[in-house]
Amino acid sequence: MLDANLLLDDTETVVAALARKGVAEDTVLAARDALANRRSVLSELESMRAEMNRRSKEVGRLMAAKDPSAETERAGLGDLKARIAQQETRNREAEDAARQEMLQLPNLPAPEAPDGGEADNVVLRSWGRAEEEFRGTTYRPHWDVAGDLGIFDPERAAKLSGSGFALLYGDGARLVRALGQFALDLHGETYTEVLAPHVVRGQLMEGTGHLPKFADDAYNIESDDLWLIPTGEVPLTGLHQDEILDPEELPKRYMTYSACFRREAGSAGKDTRGLQRVHEFHKVELVRICTPDTVQQEFEQLLNDAETSLQRLELPYRVVDLAAGDLTFSSSRIFDLEVYAPGVDKWLEVSSVGNFTDFQARRGNIRYRVPGGRTAPVNTLNGSGLATPRVWAAIIEHGQRSDGTVEVPEVLVPYLGKKVIEPRG
RNA sequence: GGAGGCGUCGCCUAGUCCGGUCUAUGGCGCCGCACUGCUAAUGCGGUUUGGGUUCAUCGCCCAUCGAGGGUUCAAAUCCCUCCGCCUCCGCCA
């Protein structure tokens with residue numbers, strides 16, 4: 001949620017900033033007008049209530065004094081009561097309208113984010129072997145390698161749950177668990193490990209910005225009015241909803257290894273082969289909650305943490321600075337980490353490290369006590385510490401050998417219990 | 001799933017039966033000031049949250065006693081629905 005006062009007092013700034021995210025000026029102005037209208041309706045309602053409160057107390061005094069005019073005064077309040085009821089209806093409508101408009105507005109992009117859309121994303125740096133070095137050698141896609149090893153079975157996955165689900169066996173399954181364990185151990189010094197529910201209230205989804213606009217992307221359990229989390233970000237960021245935190249206890253750093261559920265509505269058939277895009281996967285998510293004055297530093301550390309995971313796994317990756325028009329709804333700045341997968345010959349997005357400034361904090365009502373005594377929204381950040389399906393695919397493609405076996409990165413050996421994955425017997 | 005109990009401004013707590021001086025009591029904690037060589041103790045004052053008005057302060061106004069409705073001139077208090085917690089029973093890993 002944007003700061004209502006900023007939108008009211010400095011509409012031009014908001015219009016200009018959101019234009020970079022592709023939001024039409026009319027949309028912003030509509031929200032501004034809805035806010036202004038709500039404010040004037042509420043103001044009117046409040047003065048009516050003030051009058052009612054004053055005269056009601058007077059009735060009480062007159063009745064206690066046995067004053068005969070009490071009954072007259074009491075009866076005279078009926079009209080005011082009716083007018084207040086009408087104004088309350090108007091106020092409720094104005095408030096709902098303003099809220100709906102505000103929930104539709106995305107976060108402001110950071111001034112430093114590049115202009116333009118997806119085509120204008122900037123590759124900041126690369127790590128590991130260059131893409132060109134893989135030319136001249138034939139790499140098979142992970143679904144072929146893993147299929148032949150007998151550790152990946154998309155056909156039966158479809159039988160169980162429909163298209164877009166994964167089914168892994170033996171070392172394939174164990175590799176997922178190894179990756180999760182590896183990432184948790186790697187980041188355990190910095191982050192508090194959390195095991196949170198995978199099923200949450202809509203309020204939490206709204207807090208992170210996944211609702212109401214993107215309801216079609218998430219799985220909803222209607223019978224209980226609950227949602228399957230699309231990312232561990234949702235419960236971790238939601239931990240402190242409606243709380244006022246002591247600045248002494250900030251920053252808070254949490255991580256969770258969780259399943260993630262995504263309907264991927266609208267993206268069917270696009271780069272979906274193998275494990276590139278699945279409805280359910282496992283991920284270690286990193287979340288930081290801090291004050292605005294430390295957010296930049298926390299952001300850099302978070303990016304560094306996400307990169308460290310890939311470096312330890314010896315996977316070549318690049319850091320992409322997303323252009324304003326390609327930023328997600330709730331973010332102000334995002335650095336994507338993309339791993340090069342030689343089998344599919346593509347850069348796979350494996351982590352999206354984002355700064356959400358106070359946008360999620362406003363939606364989720366997460367505040368801290370400013371030294372002066374006032375409260376202010378905190379800042380939130382998150383990024384994948386390790387997302388298994390695409391990293392899993394990259395490891396299979398990089399480690400494949402001519403005899404069909406797969407050599408895994410050294411750091412995973414203790415977790416997998418072996419250096420080479422061989423065909424399942 | 002069933003029965004019962006409970007939910008008050010950081011924590012504990014009074015108030016709810018019987019609606020109006022509740023502008024929500026008291027204690028603890030915390031903040032400020034005074035006293036004091038320092039600390040402690042003591043005294044005085046302040047301390048829910050959100051919004052509005054104001055350049056800002058002070059002040060004033062509105063809402064807020066788990067949430068949402070209802071009754072009433074008036075609701076912490078009466079009625080309804082929901083949520084959460086506790087105890088017992090059932091079921092179960």
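Order of the sequence lines sets the chain letters (A, B, ...), proteins ahead of strands, with each chain counted from 1.
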Legend entry - A:Arg156 with A:Asp153: basic N within carboxylate O range, under 4.0 Å: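 Looking at A:Asp153 together with A:Arg156, the answer is yes, because their closest N to O distance falls below 4.0 Å.
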Using a 4.0 Å heavy-atom cut-off, does [X] contact any base of the nucleic acid, only the sugar-phosphate backbone, or nothing at all?
X	result
A:Arg55	nothing
A:Met63	base
A:Arg367	sugar-phosphate

With rounding to whole Å, what would you report as the distance between [N] and [M] at their [atom1] atoms?
N	M	atom1	answer
B:C79	B:C92	C1'	38 Å
B:U49	B:A24	C1'	15 Å
B:C22	B:G37	P	43 Å
B:C60	B:U47	P	12 Å
B:U77	B:U25	C1'	15 Å
B:A41	B:G51	C1'	42 Å
B:G46	B:G59	P	11 Å
B:G68	B:G84	P	16 Å

Compare the minimum distances between each of [options] and the side chain of [X], then state the nucleotide with the smallest one.
X	options	value
A:Arg49	B:G69, B:G50, B:C62	B:C62
A:Asn5	B:C73, B:G51, B:G52	B:G52
A:Arg201	B:C83, B:C73, B:C62	B:C83
A:Thr375	B:C73, B:G51, B:U49	B:U49

Does a side-chain N or O from [X] land closer than 4.0 Å to OP1 or OP2 of [N], or not?
X	N	result
A:Arg369	B:U49	yes
A:Asn53	B:A63	yes
A:Lys81	B:C73	yes
A:Arg61	B:G20	no

Inset, instruction - Would you kindly say whether A:His279 and A:Ser161 are connected by a side-chain donor-acceptor distance under 3.5 Å? - result: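 Not at all, the side chains of A:His279 and A:Ser161 share no donor-acceptor pair under 3.5 Å.
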Inset, instruction - Please determine, by modelled atom types, if A:Ser69 and A:Thr72 share a side-chain donor-acceptor pair under 3.5 angstrom. - result: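 Result is no, nothing qualifies.
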Partner nucleotide of [N] by Watson-Crick or wobble geometry (both distances under 3.5 Å):
N	answer
B:U77	none
B:U54	none
B:C35	none
B:A14	none
B:C6	B:G84
B:A41	none

Inset, instruction - May I ask you to decide if A:Ile244's main-chain N or O and A:Arg367's side chain share a donor-acceptor pair within less than 3.5 Å? - result: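 Side chain of A:Arg367 to backbone of A:Ile244: no pair is present.
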Legend entry - Whether over 12 other heavy atoms sit under 6.0 Å from A:Arg55 CZ: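 Yes, enclosed.
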Inset, instruction - Using atom NZ of A:Lys66 as one end and atom C1' of B:G20 as the other, report the distance to the nearest whole Å. - result: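 Rounded to the whole Å, the gap is 14 Å.
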Inset, instruction - Using the six-membered ring wherever Trp is involved, compare the ring planes of A:His142 and A:Phe152 and label them parallel, tilted or perpendicular (cut-offs 30° and 60°). - result: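 The rings of A:His142 and A:Phe152 sit tilted, inter-plane angle from 30° to 60°.
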